[in-house]
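What follows is one structure encoded as structure tokens, with my remarks underneath.
None of these values were measured; they are calculated from a predicted model. This chain uses plain numbering: 1 for the first residue, then up along the sequence.
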Amino acid sequence: MKLRNALLGGVVVLVLPQGLAARTVEGPYLGVQGGYTWAKDIEASLSTVRNDIELKDGYTLLVEGGYRLGNGIRAGVEIGRSESTIGDIAGGLPGRAGGAGDVSAWTFMGVLYYEFAGMSRFRPYLGVGAGMASVGLNDAGELFAPGLIVDEDDRAVAWQLAAGVSYALSPTLDLTLGYRFLDTGTVKIRAAGAGLGSAPVDFDYQSHTALVGLRWTFGAAPASVPAPEPAPAPVVPPAPPPPAPAITRNFTVFFDWDRSDLTADARQVLRSVAGDARSGNIFAVQVTGHADTSGPADYNQRLSIRRAEAVRDFLITQGIPADQIAIEGRGETDPLVPTADGVREPSNRRSVIIFP
């Protein structure tokens, strides 16, 4: 009873939350388990005589091995031994009394388990198994008749159901706590008793077992998934230099008839010329003077030069160096509006300023 309470207490402790999961591995495994067994009392019959055999609490030892897959499936084999002490024996022929000996069971099982992954170190599991069992009555008696002691065993098909939980002590080592139900087919053990002849003793064997154990998996722990590295900051190319401001590269100022002095409108235009030259980093200015066809041609040539000089002189006052200003006069040879000789055309009385 004390052992049973200790095992139940272990269940309560192990199901408490225990932090984050340890990563488990895929690969072959080996394990050992041991625990407390409650075997069902046996109803044995020999010929027409029956005995009710009381089985006291016993123990089970298991050795397991197999392969664990990464998807939670675990397949393998288990070899186990269970033993329960015989208590009182009831029934049988008159004069039979008492009870002694034990019942043992060797099991050889193929097993298949499924482990449920979770967010903790705990992985609940369910399992089934099938195989063979060798069940024996060891110095069991008195059975059926006075003085009949049976020490025989028999093999039978067996199956089991299992459930429990694994606790990951490390990626390769689990602490296990589980339950197993074992059932065999009919066991037939030969026995002979006074007045009973020789006949098989028939009975079924069933047991419930609480198990604790350790299981080692031989494999490399799965690599941690590295946290994604932050994307590098985008390389921002240096801002291109601001484009040169848009400037006007061709200007025209007009003059009164037979005059080379600048009008107010002409001065305003020339201030714009100087401003654009400075903002556009202009280092060369070409000024060309013109005249209309009124008057002699040689006079008009000189007049066109005076008009170009007037523009140059004003630009110098606006900060344009004199050595950056080139002038020429074309007289009446390049009219803006073609006319006959001697015509006073205002559009032809002009100076043209360009930035080459």
Side-chain angles (χ1 to χ4, degrees), residues 1 3-8 10-11 29-45 51-66 73-87 89 99 101-115 124-140 150-166 174-189 200-215:
M1 185 62 69
L3 180 56
R4 181 189 307 179
N5 292 339
L7 289 172
L8 293 176
V11 175
Y29 70 86
L30 288 175
V32 293
Q33 298 182 63
Y36 194 79
T37 297
W38 300 266
K40 180 181 178 182
D41 293 345
I42 294 174
E43 295 180 357
S45 60
N51 272 156
D52 293 326
I53 304 173
E54 177 191 18
L55 296 183
K56 295 183 177 180
D57 300 339
Y59 69 89
T60 294
L61 297 176
L62 288 175
V63 177
E64 60 177 339
I73 294 177
R74 182 162 52 85
V77 295
E78 291 179 358
I79 300 174
R81 172 168 173 90
S82 300
E83 185 174 301
S84 298
T85 302
I86 293 176
I89 299 176
D102 60 69
V103 176
S104 63
W106 282 94
T107 55
F108 306 87
M109 311 290 281
V111 294
L112 184 67
Y113 290 91
Y114 182 76
E115 296 180 343
Y125 66 82
L126 296 173
V128 295
M132 298 294 297
S134 176
V135 182
L137 296 175
N138 306 308
D139 296 325
V150 178
D151 192 0
E152 298 288 340
D153 61 74
D154 184 35
R155 289 184 297 276
V157 175
W159 60 275
Q160 69 178 37
L161 297 176
V165 63
S166 298
D174 291 339
L175 174 66
T176 63
L177 177 63
Y179 163 80
R180 183 182 78 155
F181 170 75
L182 174 68
D183 189 11
T184 73
T186 301
V187 178
K188 297 178 179 293
I189 295 175
V201 177
D202 297 343
F203 62 90
D204 294 335
Y205 178 80
Q206 292 182 353
S207 67
H208 306 267
T209 303
L211 295 162
V212 293
L214 293 173
R215 182 183 304 119

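- Remark: Ile189 CD1 to Phe203 CZ distance equals 4.0 Å, nearest 0.5 Å.
- The minimum heavy-atom distance between Glu64 and Arg74, with the atom names listed, is OE1-NH1, 3.5 Å.
- Taking OH of Tyr36 as the reference point, atom CG of Leu211 lies at 13.5 Å (rounded to 0.5 Å).
- Of the residues Ile42, Val201, Ile89, the one that meets the side chain to side chain contact (heavy atoms under 4.5 Å, CB included) test with Asn51 is Ile89.
- Remark: Leu161 CG to His208 NE2 distance equals 10.5 Å, nearest 0.5 Å.
- The OG1 atom of Thr37 sits 11.0 Å away from atom CG of Leu55, with the distance rounded to the nearest 0.5 Å.
- To the nearest 0.5 Å, the span separating OH on Tyr125 from OG1 on Thr176 amounts to 5.5 Å.
- Across every non-hydrogen atom of Ala156 and Gly185, the tightest pair is CB-O, 4.0 Å.
- Residues Gln160 and Glu78 have side chains in contact (heavy-atom distance under 4.5 Å, counting atoms from C-beta outward).
- Ring centroids of Phe181 and Trp38 are separated by 6.0 Å or more, keeping the two rings apart.
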query = Would Gln206 and Leu182 satisfy side chain to side chain contact (heavy atoms under 4.5 Å, CB included), going step by step from the backbone distance to the final call?
reply = CA-CA 6 Å; Gln206 292 182 353; Leu182 174 68; over 6 Å; no
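- Between Glu115 and Ser166, the shortest heavy-atom distance links the atoms OE2-OG, 3.9 Å.
- One distance of note links CZ of Arg81 with OG of Ser134; it measures 9.5 Å at 0.5 Å rounding.
- Between Tyr205 and Ser82, the shortest heavy-atom distance links the atoms OH-CB, 3.9 Å.
- Remark: the backbone N or O of Gly35 is not paired with any side-chain donor or acceptor of Thr60 at under 3.5 angstrom.
- What you find for Leu175 and Leu214 is that their closest heavy atoms are CD1-CD2, 3.9 Å.
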query = Passes side chain to side chain contact (heavy atoms under 4.5 Å, CB included), Val32 versus Leu62? Steps please.
reply = CA-CA 6 Å; Val32 293; Leu62 288 175; over 6 Å; no
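- Asp154 places a side-chain N or O within donor-acceptor distance of the main-chain N or O of Lys188, the cut-off being under 3.5 Å.
- Gly136 approaches Asp153 most closely through the heavy-atom pair CA-CB, 3.5 Å.
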